[in-house]
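The structure under discussion appears below in the form of structure tokens.
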There are 2 protein chains.
Amino acid sequence: MAKKENQQAADSTEQKIFDAAHEVFTQKGMDGTKMQEIADRAGINKALLHYYYRTKEKLYESVARAVISKAIPAIRQIIESDLPLEEKIRRFIETYIGIISRNPFIPLFIISEINKHPERFIDSLMPKDLPKPAFFFRQVEDEIAAGRIRPIKPQHLIVNVISLCVFPFVGKPMMRILLGMSAGEMRLFLEERKDEVTNFVLAALRP
Amino acid sequence: MAKKENQQAADSTEQKIFDAAHEVFTQKGMDGTKMQEIADRAGINKALLHYYYRTKEKLYESVARAVISKAIPAIRQIIESDLPLEEKIRRFIETYIGIISRNPFIPLFIISEINKHPERFIDSLMPKDLPKPAFFFRQVEDEIAAGRIRPIKPQHLIVNVISLCVFPFVGKPMMRILLGMSAGEMRLFLEERKDEVTNFVLAALRP
DNA sequence: ATAAAGTTTAACCGTTTGGTCAAATCCGGG
DNA sequence: CCCGGATTTGACCAAACGGTTAAACTTTAT
């Protein structure tokens, strides 16, 4: 009982650090983040960062792993499921946009990380359980062969769908400027994305 | 004549600094770039960075302005031209993907900058001559009214086109992992994007 | 109650960083 | 050649930065 409370207290400091680091790293990246800032945000002494996480690098990797793993399982389940293709595409779009809406830092963080430190991403951050799109590709090809969708390379299709889901969130500030929208208008616009992307993709696939 | 040579020598040091800064800033961002590194890359004494550009911030802004302005004029000309809609979309895709292919750092740089420092972007880096999409929007609406394309909100259309053009380049390392491609295969894949995006968009617009 | 283990603190460390400054050097014109 | 302006150099600066350390404090186990 007393041991359990202590465990929670230890978890609490470690968790405080993690949460603060999560906020600052996702906002300012690795280089722009100072350890003192994380400590300030967590309301603790900076030395504790090293007590619990040893180095800045390791703290960053912990956060990065958590960020990266936030999206993978649900996406993987859909990609590898045996739902009919159209239903799969609908589900993918709905799920992916849902996840990104609730965690808008994810795409930019991952993209930034993988572009700046490809080796680190591949060597230690990349999840082992990435979705395998082979079944999806076969589905696309079967639908093409059956004449139910127009011919398209499956690789391009999946890249198109991902692009349409992700980029408006990544490029949101710029889209907003280009479209001359207020913050409220932009929020509404992004809420429409699920339907708009689904309709666009399915329309593009008509034979 | 002799004065001209001196002018060129001055330009040469300033240009050397700019070119080196361009390389390092676009790769490592503002926070990850050290002034000594730029000086090393330019083969000059670090104090010259301050002689010519005063501060790191000003040097960064010079580079950022150049990066941002690389894409705008050609894009703007197309968006605001009175080409027929289908031709406009073809031209836009071809031009935009062409620019990004030759300058793959542009999207990530701009996205990173605008997400990390929106005020700086809006206050001092944003070009005054951004494309105004109003005419494009009217064209889309006219084509819908005439039954030549299927109904779609013009704002979503332009965001879709931009997303399809840009994101595969921004997310290239991740796409490559997902698709299990070699570097050579990925290059070929990106070369196909012009046609694939054009076909996809035009297919999506069929009535 | 006591000792051991765990956690926290605050001062400190060496290195790095953007920037400064005065002297040296270069250049062009008279 | 001399002079003044422009450019370059190399040493230096203070602050920032990730990290260390030993002592103090807290918690746990006996």
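Keep in mind that what you see is a predicted model, and the values were worked out from it rather than measured. So you know, we letter chains A, B, ... as the sequences are listed, proteins then strands, and number each from 1. FYI, side chains are in, hydrogens and waters are out, and symmetry mates aren't considered; it's all heavy atoms of this structure.
- Atom P of nucleotide dT20(C) and atom OH of Tyr52(B) are separated by 17 Å, given to the nearest angstrom.
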In a table with atom names and distances, give each donor-acceptor pair under 3.5 Å that connects a side chain of residues 131-140 of chain A to protein atoms at least two apart or in another chain.
residue: Gln139(A); atom: OE1; partner: Lys88(A); partner atom: NZ; Å: 2.5
residue: Gln139(A); atom: NE2; partner: Leu83(A); partner atom: O; Å: 2.6

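- For the pair Gln36(B) CD and dC17(D) P, the computed distance is 19 Å after rounding to whole Å.
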Name each donor-acceptor pair under 3.5 Å that joins a side chain in residues 195-202 of chain B to protein atoms two or more places apart or in another chain, with its distance.
residue: Thr198(B); atom: OG1; partner: Lys194(B); partner atom: O; Å: 2.7
residue: Asn199(B); atom: ND2; partner: Asp195(B); partner atom: O; Å: 3.2

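- In DNA chain C, the stems built from three or more successive Watson-Crick or G-U pairs (distances below 3.5 Å) are C:1-30 with D:1-30.
- Glu37(B) has its CD atom 20 Å from the P atom of dT15(C), to the nearest Å.
- Comparing dT8(C), dA6(D), dG18(C) by their closest approach to the side chain of Tyr51(A) singles out dT8(C).
- Rounded to an integer number of Å, the gap from Leu49(A) CG to dT9(C) C1' is 13 Å.
- At least one side-chain nitrogen or oxygen of Thr13(A) sits closer than 4.0 Å to the OP1 or OP2 atom of dT8(C).
- Atom P of nucleotide dG18(C) and atom CG of Leu59(B) are separated by 11 Å, given to the nearest angstrom.
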What protein N or O atoms touch nucleotides 19-25 of chain D N or O atoms at under 3.5 angstrom, if any, and at what distances?
residue: dG19(D); atom: OP2; partner: Lys56(A); partner atom: N; Å: 2.7
residue: dG19(D); atom: N7; partner: Lys46(A); partner atom: NZ; Å: 2.6
residue: dG19(D); atom: O6; partner: Lys46(A); partner atom: NZ; Å: 3.0

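- Rounding to whole angstrom units, CG of residue Asp31(B) and P of dG18(C) are separated by 10 Å.
- Using a 4.0 Å cut-off between a side-chain N of Lys or Arg and a carboxylate O of Asp or Glu, Arg90(B) and Glu94(B) do not qualify as a salt bridge.
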Step-by-step side-chain contact (heavy atoms from CB on, under 4.5 Å) determination, Met30(B) to Glu57(B): CA-CA 8 Å; Met30(B) 167 77 165; Glu57(B) 177 95 15; 3.8 Å; yes
Under 3.5 Å, which donor-acceptor pairs link side chains of residues 157-170 of chain A to any protein atom two or more places apart or in another chain?
residue: Asn160(A); atom: OD1; partner: Arg193(B); partner atom: NH1; Å: 3.0
residue: Asn160(A); atom: OD1; partner: Arg193(B); partner atom: NH2; Å: 2.5
residue: Asn160(A); atom: ND2; partner: His156(A); partner atom: O; Å: 3.4
residue: Ser163(A); atom: OG; partner: Val159(A); partner atom: O; Å: 2.7

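- As rounded to whole Å, 12 Å separates atom C1' of dT15(C) from atom NZ of Lys34(B).
- Nucleotide dA10(C) holds its C1' atom 11 Å from the CG atom of Leu48(A), rounded to whole Å.
- A donor-acceptor contact closer than 3.5 angstrom links the side chains of Glu113(B) and Tyr60(B).
- For residues 165-190 of chain B, the pairs satisfying side-chain hydrogen bond (donor to acceptor under 3.5 Å, both in side chains) are Ser182(B)-Glu185(B), with sequence neighbours left out.
- No donor-acceptor pair closer than 3.5 Å links the side chain of Asn103(A) to the backbone N or O of Phe105(A).
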Show your working on ring pair (Phe, Tyr, Trp, His ring centres under 6.0 Å) between Phe92(B) and Tyr96(B) and close with a plain yes or no. CA-CA 6 Å; Phe92(B) 182 90; Tyr96(B) 209 12; 5.2 Å; yes
